[in-house]
2 protein chains.
Amino acid sequence: MSKMPTVKDVAERAGVSVGTVSRVLAGEAAVKPSLREKVNEAIVALGYRPNVTARALRTRRTDVIGLIVPDITNPFFAQLAASVERAAQDYRHSLMLASSHDDREAEQDHVVAFLDRSVRGIIAIASSDNPDLQLKSPIPIISLDRRFGAFPLVSTNHAQAAALIASHLFELGHRRIAYVAGPPDTEAGRARRKGFVTRMKQLSDEVELEVFFGKFDYESGEKIARDLLSRSPQDRPTAIAAASDQQAIGALRAARDLNVDVPRELSVTGFDDILLANLVVPRLTTVRQPTDTLARRAVELLFSQSSDIGDEMIDGSLIKRVSTGPAPQ
Amino acid sequence: MSKMPTVKDVAERAGVSVGTVSRVLAGEAAVKPSLREKVNEAIVALGYRPNVTARALRTRRTDVIGLIVPDITNPFFAQLAASVERAAQDYRHSLMLASSHDDREAEQDHVVAFLDRSVRGIIAIASSDNPDLQLKSPIPIISLDRRFGAFPLVSTNHAQAAALIASHLFELGHRRIAYVAGPPDTEAGRARRKGFVTRMKQLSDEVELEVFFGKFDYESGEKIARDLLSRSPQDRPTAIAAASDQQAIGALRAARDLNVDVPRELSVTGFDDILLANLVVPRLTTVRQPTDTLARRAVELLFSQSSDIGDEMIDGSLIKRVSTGPAPQ
DNA sequence: CTGAAAGCGCTTACAG
DNA sequence: CTGAAAGCGCTTACAG
């Protein structure tokens, strides 16, 4: 393979200095049009492509964004990652992806690795709260969905969204309800639970509300629902509200296995609106997180020069499907 | 922020030349132990971390691998991506992720972008066949799961795996079978169909086998199954074998909507064994693709110096669950 | 507006 | 085994 052409080759061919080549590359106005044209011709003639590594060494920045997710296999994070990649593209940036596998140490190692590679900014979906995290970073770091360290967070308004579900269930007449919460060591888990419980209490103090804690995954939902549904019919809840679609889908499976009809005998709700929510049987009533908006905002903040970036919350919206119905008598 | 220390700072503090620092960094044996020690002390004292960009500029290689997927939101690709990331980690490499959204042009743009960033190697899951793709690359490119251009492919032995399903269905007594194929413009789609059909013909020429073509997604499976199941019971197949789990899950949903009992009235099989396959109702009989092995092999090949890299196929394995049963009378 | 030159932080022949 | 020096391909003050 013949060597790639450099600014020097372009300069020679165009009969200008490398400085001038660099200036037209940068799109600087201050270049005489005739020279600019010659340079551009030389660029296409040679098939010149800037060496981004050399550029990065000089400018100390690259056109890549680092994204840390707990687990790309989780459909919600996959959706978020897809949205972040699209948003990054809009800024002509590439995406570096790292999975923490819910391991804090791995999370921090990935930050360091990203810093070493001088990424332009880091977006992190944290595995769990870690307010003590002390991390000096020369580049912006934004938390997405779940707060990383003490960095500014872009997320759905979890409390508001969870309250939507509470109202929906209440209106359907449910008065014996189980809430399957997310891990209490995540802000998202706490905010959703609080939003749900608060709204429910507000609506009436007659509601029997039980709260159970699990992880955000299928298994937690299935297990908790299984326990609940093996109670005698008059003792069990008429609705299970879960803190994630995955938990809700687990609950649906448990109901199926135990021959509990959804939604006739039991209503089930999720949170996230992953693709799957609309595919399971019965289709899941849930709350939609605006992943595209969240992702776009996160990368916008990365590029905003502003020094006082605060948290941003975006409202979720109720998606009524068929896993919820009137409370049984 | 105080400036990051460089080799020069380390050299000064250790009382050696930068060349020597670089040599101990490279782990070269040819450094006097006493000096090596001094250098190492200086490194920790200063908290020195090599500038990977400068290193990349000199050596023309980075420690990142580029991965191109059609859509990270597809659970099978997400699993594959997770496996690739893990394998890359084992080689201390980071992962750059790009989605092609089934767009060939985007696919090629991503390759170019990766090349610009001098990644160490590229792993590509192609959106569709493109044997005419002419692409000069100074770095290794490996196709994973679906062939990209004419680059060597690491994949499951699609034909063998599909034959496993054919045998399973035949043994259960099914003689009226519909095969929902993947896109004929993908090697994977063709190989699976061929493997299935060939084995079935081999088993008996009494089997009524209909083949339908779709995409690999939920919608295709649902639509095709819906058409099939709206026929009169004696005209419809007793088994639907799909070329992907997503298609099969779509088929399951159609069966549910049309009140066709699986597996009593209809057997359904998938392909991939995504996490979801074990979560749907009823749990899906499918064939497992060894994603970890596939991914590991692909990155191994990236690092293998060998110049004659050929295709590699890895066998799949039948996972019997409850979406298949004896053919109805 | 443009050129000549320094310098980003490394690695690696080249001498010795 | 080690040091001095060149050079990877850019960008950007500095002069003019």
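This structure is a prediction, so every number in the text was calculated from the model and none was measured.
- The side chain of Ala54(B) lies closest to dG9(C), out of dG9(D), dT11(D), dG9(C).
- For the pair Leu25(A) CG and dT12(D) C1', the interatomic distance rounds to 14 Å; values are reported in whole Å.
- Counting to the nearest Å, the P atom of dT11(C) and the CG atom of Asp63(B) are 12 Å from each other.
- Contact annotation: the side chain of Arg147(B) approaches that of Asp311(B) to within less than 4.5 Å [non-hydrogen atoms, C-beta and beyond].
- Rounded to an integer number of Å, the gap from NZ of Lys8(A) to C1' of dA6(C) is 16 Å.
- Using a 4.0 Å cut-off, some side-chain N or O of Arg60(B) falls inside it from OP1 or OP2 of dG9(D).
- Each side-chain hydrogen bond (donor to acceptor under 3.5 Å, both in side chains) pair with one or both residues in residues 57-72 of chain A, not counting sequence neighbours, appears once here: Asp63(A)-Arg117(B).
- Listed nucleotides: dT12(C), dC10(D), dG3(D). Nearest to the side chain of Thr59(B): dT12(C).
- A 4.5 Å side-chain heavy-atom check between Thr291(B) and Phe76(B) finds at least one atom pair inside the cut-off.
- For Glu12(B) and dG3(D), the CD to P distance is 13 Å, given to the nearest whole Å.
- Between Met313(B) and His158(B), the closest side-chain pair of non-hydrogen atoms is not below 4.5 Å.
- Backbone-only contact: Thr20(A) has heavy atoms under 4.0 Å from sugar-phosphate atoms and none from a base.
- In the set dC10(C), dC1(C), dG9(D), dG9(D) carries the atom at the smallest distance from any side-chain atom of Thr6(A).
- The residue Val52(A) sits apart from the nucleic acid: no heavy atom pair falls under 4.0 Å.
- Of the candidates dC14(D), dT11(C), dG9(C), dG9(C) carries the atom nearest the Leu57(A) side chain, counting heavy atoms from C-beta on.
- Under the 30°/60° scheme for interplanar angles, the aromatic rings of His93(B) and Phe303(B) are found to stand perpendicular.
- Taking atom CZ of residue Arg23(A) and atom P of nucleotide dA4(C), one finds them 11 Å apart after rounding to whole Å.
- In this structure, CZ of Arg117(A) is placed 16 Å from C1' of dG9(C), rounded to the nearest angstrom.
- Toward the 5' end of DNA chain C, the nearer of the two residues Pro5(B) and Leu35(A), judged by each one's closest nucleotide, is Leu35(A).
- In the set dT11(D), dG3(D), dT11(C), the nucleotide with an atom closest to the side chain of Arg58(A) is dT11(D).
- Computed from coordinates, the Arg55(A) CZ to dC8(D) P distance equals 18 Å when rounded to whole Å.
- Picking from dT12(D), dC14(C), dT11(C) the nucleotide with the shortest atom distance to the side chain of Val18(B) gives dT11(C).
- Across all strands shown, dA15(C) is found opposite dT2(D) as a Watson-Crick or G-U wobble partner, with both distances under 3.5 Å.
- Among the nucleotides dA4(C), dT11(D), dG9(D), the one closest to any side-chain atom of Ser17(A) is dA4(C).
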